[in-house]
A.B. asks: 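Structure below; questions to follow.
Values below: all heavy atoms of this structure, side chains included; hydrogens, waters and symmetry mates excluded. We count ligands from 1, going down the list as the structure has it; atoms in each ligand are counted the same way.
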Amino acid sequence: MNIILLAPPAAGKGTQAELLESKYHLNHISTGELLRKSASREDDFGKKMRDLLESGELVSDEIIFEVLNKHLETCENQNLLLDGFPRNIYQAERLEEMLKEKNDKLDFVFFLDVPKETLKRRITGRRMCQKCGSAYNVNIDSLKPKVDSICDKCQGTLYQRNDDNEESFEIRYQEYLDKTSALITYYQDKQILYRIQSDKSKEEVFQELCGVIEKGMKK
Ligand code: AP5
């Protein structure tokens, strides 16, 4: 089973990926996470990546495939749960070729649909755990950490991403509209797109995703 989570910034891709990964034993790959790992390097490449991510613009396809292919060499290549990839038609076509080479295919593309104003609220309130990567939100009561700035799960310190501000959000959102949103029609035409209204609690969104997957698995 191969799944794509397609959505604008802060729609809940990472949040749902964490839940789906553990329920269905999927190989969760977030290109954003891979890029943030590269950005933590103390060399010229790391600095270049930090600047790129802060700008909010999409990273070049060349860098994406370099980082992604390197990661794929190190992990199981089945049951992919792709979070934030592909981000444009070119990346989608390359992915299709990669899967075809392994006699594999995509099963579900979930489009997490959330209004822009809600995204802005989510992005400015997001806090991440430095240690285990869990996401919290100080703007949303049900997602606040129990103790300020401390992760409930591992007691790691919570931090705010450098690109989680309104200015960067506007650029990321525009990049999404200009380059990524075309994938909605692309996958609709292939009849594997499922639109999930995601302006709901994370549990409700998760239930809907599971419902579609369970139904699809019975076919
Ligand atoms: P990436 O890390 O993928 O960033 P993004 O797409 O902007 O998505 P986010 O990580 O911001 O949000 P999310 O949808 O995962 O939401 P989350 O679950 O955290 O990419 C970063 C950058 O890398 C990009 O800007 C680009 O430059 C580059 N990049 C990455 N992939 C690329 C590619 N393929 N090609 C080119 N460039 C690429 O949730 C957000 C917040 O909301 C959290 O606080 C969470 O707790 C909360 N929340 C989640 N669900 C709910 C809910 N149902 N109700 C209330 N709050 C919720």
Side-chain angles (χ1 to χ4, degrees), residues 4-21 28-39 48-69 71 81-92 94-95 110-129 133-145 151-152 158-165 167-181 183 196-209:
I4 291 177
L5 296 180
L6 168 66
K13 300 183 290 296
T15 301
Q16 294 304 324
E18 198 184 317
L19 298 170
L20 290 169
E21 181 183 19
H28 173 206
I29 299 179
S30 154
T31 40
E33 249 339 288
L34 295 179
L35 294 169
R36 278 186 287 281
K37 251 183 217 152
S38 306
K48 183 178 158 190
M49 291 310 305
R50 282 195 290 281
D51 291 345
L52 275 172
L53 289 177
E54 245 171 90
S55 79
E57 285 174 22
L58 286 192
V59 169
S60 71
D61 293 332
E62 193 189 344
I63 293 180
I64 288 298
F65 283 101
E66 190 186 318
V67 171
L68 181 65
N69 288 335
H71 178 72
L81 174 58
L82 297 166
D83 156 0
F85 174 87
R87 218 85 163 199
N88 58 33
I89 302 283
Y90 172 75
Q91 291 182 10
R94 286 270 307 261
L95 170 66
F110 290 116
F111 167 45
L112 308 182
D113 198 0
V114 180
K116 187 177 174 190
E117 281 314 304
T118 309
L119 296 172
K120 215 186 265 183
R121 187 156 169 261
R122 287 187 186 177
I123 223 159
T124 49
R126 172 168 45 195
R127 300 292 181 272
M128 304 292 296
C129 174
S134 297
Y136 294 86
N137 205 298
V138 296
N139 289 343
I140 296 157
D141 283 343
S142 61
L143 296 173
K144 280 182 184 165
C151 177
D152 295 350
L158 304 185
Y159 72 98
Q160 186 167 24
R161 269 169 48 178
N162 288 340
D163 58 348
D164 277 353
N165 53 66
E167 196 187 343
S168 172
F169 168 72
E170 289 298 337
I171 298 169
R172 284 157 70 191
Y173 191 73
Q174 196 55 48
E175 286 282 87
Y176 161 77
L177 291 180
D178 293 345
K179 297 167 184 165
T180 308
S181 63
L183 291 174
I196 308 290
Q197 194 53 50
S198 300
D199 191 10
K200 301 176 186 164
S201 75
K202 72 173 190 179
E203 292 77 15
E204 284 171 302
V205 175
F206 182 56
Q207 284 317 311
E208 270 195 49
L209 292 171

A.B. asks: Between Y136 and ligand 1, which residue portion shows a heavy-atom distance shorter than 4.0 Å: side chain, backbone, both, or neither?
C.D. replies: backbone
A.B. asks: Given D141, L143, L6, N139, which has its nearest heavy atom closest to atom 48 (N) of ligand 1?
C.D. replies: L143
A.B. asks: Looking only at distance, does P86 have an N or O less than 3.5 Å from an N or O of ligand 1?
C.D. replies: no
A.B. asks: How far is atom 10 (O) of ligand 1 from its nearest protein heavy atom, and which residue and atom is that?
C.D. replies: R161 NH1, 2.9 Å
A.B. asks: Tell me, please, which residues at least two apart from N69 pass side chain to side chain contact (heavy atoms under 4.5 Å, CB included).
C.D. replies: F65, L72, R94, M98
A.B. asks: Do any nitrogen or oxygen atoms of R172 come within less than 3.5 Å of a nitrogen or oxygen of ligand 1?
C.D. replies: yes
A.B. asks: Between S201 and ligand 1, which residue portion shows a heavy-atom distance shorter than 4.0 Å: side chain, backbone, both, or neither?
C.D. replies: backbone
A.B. asks: Would you say the side-chain atoms of S198 pair up with the backbone N or O of L112, donor to acceptor, closer than 3.5 Å?
C.D. replies: no
A.B. asks: Specify the closest pair of heavy atoms between P8 and F111, including all atoms of both residues, with the distance to one decimal.
C.D. replies: CD-CE1, 4.2 Å
A.B. asks: If I apply the N/O under 3.5 Å rule, does A10 come out as touching ligand 1?
C.D. replies: yes
A.B. asks: For the side chain of N139 and the backbone of R121, is there at least one donor-acceptor N/O pair under 3.5 Å apart?
C.D. replies: yes
A.B. asks: Treating E54 as the side-chain partner and N162 as the backbone partner, does any N or O pair qualify as donor plus acceptor under 3.5 Å?
C.D. replies: no
A.B. asks: With heavy-atom distances below 4.0 Å as the criterion, list the atoms of ligand 1 near R36.
C.D. replies: 2 (O), 21 (C)
A.B. asks: Measuring only between side-chain heavy atoms, which start at C-beta, is R127 closer than 4.5 Å to V138?
C.D. replies: yes
A.B. asks: Find all atoms of ligand 1 within a distance of less than 4.0 Å from any non-hydrogen atom belonging to Q91, and give their numbers and elements.
C.D. replies: 33 (C), 34 (N), 35 (N), 36 (C)
A.B. asks: Does any part of the side chain of V59, heavy atoms only, come nearer than 4.5 Å to the side chain of R87, both counted from C-beta?
C.D. replies: no
A.B. asks: Please say whether more than 12 non-hydrogen atoms of neighbouring residues, nucleotides or ligands are located less than 6.0 Å from NZ in K48.
C.D. replies: no
A.B. asks: Give me the residue, atom name and distance of the protein heavy atom closest to atom 16 (O) of ligand 1.
C.D. replies: G12 N, 3.2 Å
A.B. asks: Atoms of ligand 1 less than 4.0 Å from F85 heavy atoms?
C.D. replies: 34 (N)
A.B. asks: By number and element, which atoms of ligand 1 are closer than 4.0 Å to a non-hydrogen atom of G84?
C.D. replies: 31 (N), 32 (C), 33 (C), 34 (N)
A.B. asks: Nearest protein heavy-atom contact for atom 39 (O) of ligand 1: which residue, which atom, what distance?
C.D. replies: T15 OG1, 3.7 Å
A.B. asks: If you count the atoms of ligand 1 from 1 in the order shown, which ones are under 4.0 Å from a heavy atom of G14?
C.D. replies: 13 (P), 15 (O), 18 (O)
A.B. asks: Please state which protein non-hydrogen atom is closest to atom 13 (P) of ligand 1 and give its distance, to 0.1 Å?
C.D. replies: K13 N, 3.5 Å
A.B. asks: Nearest to atom 41 (C) of ligand 1, what protein heavy atom do you find, and at what distance?
C.D. replies: N137 ND2, 3.7 Å
A.B. asks: Does L5 offer a backbone N or O that forms a donor-acceptor pair with the side chain of D83 under 3.5 Å?
C.D. replies: no
A.B. asks: Which residues pass the salt bridge (Lys or Arg N to Asp or Glu O under 4.0 Å) test with R126, sequence neighbours left out?
C.D. replies: D164
A.B. asks: Would L52 count as a polar contact of ligand 1, with the cut-off being nitrogen or oxygen pairs under 3.5 Å?
C.D. replies: no
A.B. asks: Can you confirm, on distance only, whether ligand 1 has an N/O atom lying under 3.5 Å from any N/O atom belonging to S30?
C.D. replies: no
A.B. asks: What is the distance from atom CD of E66 to atom CG of L34, rounded to the nearest 0.5 Å?
C.D. replies: 12.0 Å
A.B. asks: Please check if the number of heavy atoms outside K116 that lie under 6.0 Å from its NZ is greater than 12.
C.D. replies: yes
A.B. asks: Report the nearest protein non-hydrogen atom to atom 28 (C) of ligand 1: residue, atom name, distance rounded to 0.1 Å.
C.D. replies: L35 CD1, 3.5 Å
A.B. asks: Would you mind running through ligand 1 and noting each atom that sits below 4.0 Å from a heavy atom of K202?
C.D. replies: 52 (C), 53 (N)
A.B. asks: From D51 CG over to E57 CD, what is the distance, rounded to the nearest 0.5 angstrom?
C.D. replies: 11.5 Å
A.B. asks: Check whether any N or O atom of Q16, backbone or side chain, sits under 3.5 Å from an N or O atom of ligand 1, and answer yes or no.
C.D. replies: no
A.B. asks: I'd like to check which ligand 1 atoms, numbered from 1 as shown, lie under 4.0 Å from a non-hydrogen atom of L58.
C.D. replies: 27 (O), 36 (C), 37 (N)
A.B. asks: Does the R50 side chain pair with the main chain of A39, one donor and one acceptor, at a distance under 3.5 Å?
C.D. replies: yes
A.B. asks: Is G125 near ligand 1, meaning one of its heavy atoms is under 4.0 Å from it?
C.D. replies: no
A.B. asks: Closest non-hydrogen protein atom to atom 23 (O) of ligand 1, residue and atom name please, with distance?
C.D. replies: L53 CD2, 3.3 Å
A.B. asks: If you measure every N or O of D83 against every N or O of ligand 1, does any of those distances drop under 3.5 Å?
C.D. replies: no
A.B. asks: In terms of atom number and element, which parts of ligand 1 are under 4.0 angstrom from non-hydrogen atoms of I140?
C.D. replies: 55 (C), 56 (N)
A.B. asks: Measure from the side-chain N and O atoms of Q16 to the backbone N and O of K202, and report whether any donor-acceptor pair falls under 3.5 Å.
C.D. replies: yes
A.B. asks: If you have a sec, work out which protein heavy atom is nearest atom 11 (O) of ligand 1 and how many Å separate them, to one decimal?
C.D. replies: R126 NH2, 2.6 Å
A.B. asks: Are the side chain of Y173 and the backbone of K120 linked by a donor-acceptor contact shorter than 3.5 Å?
C.D. replies: no
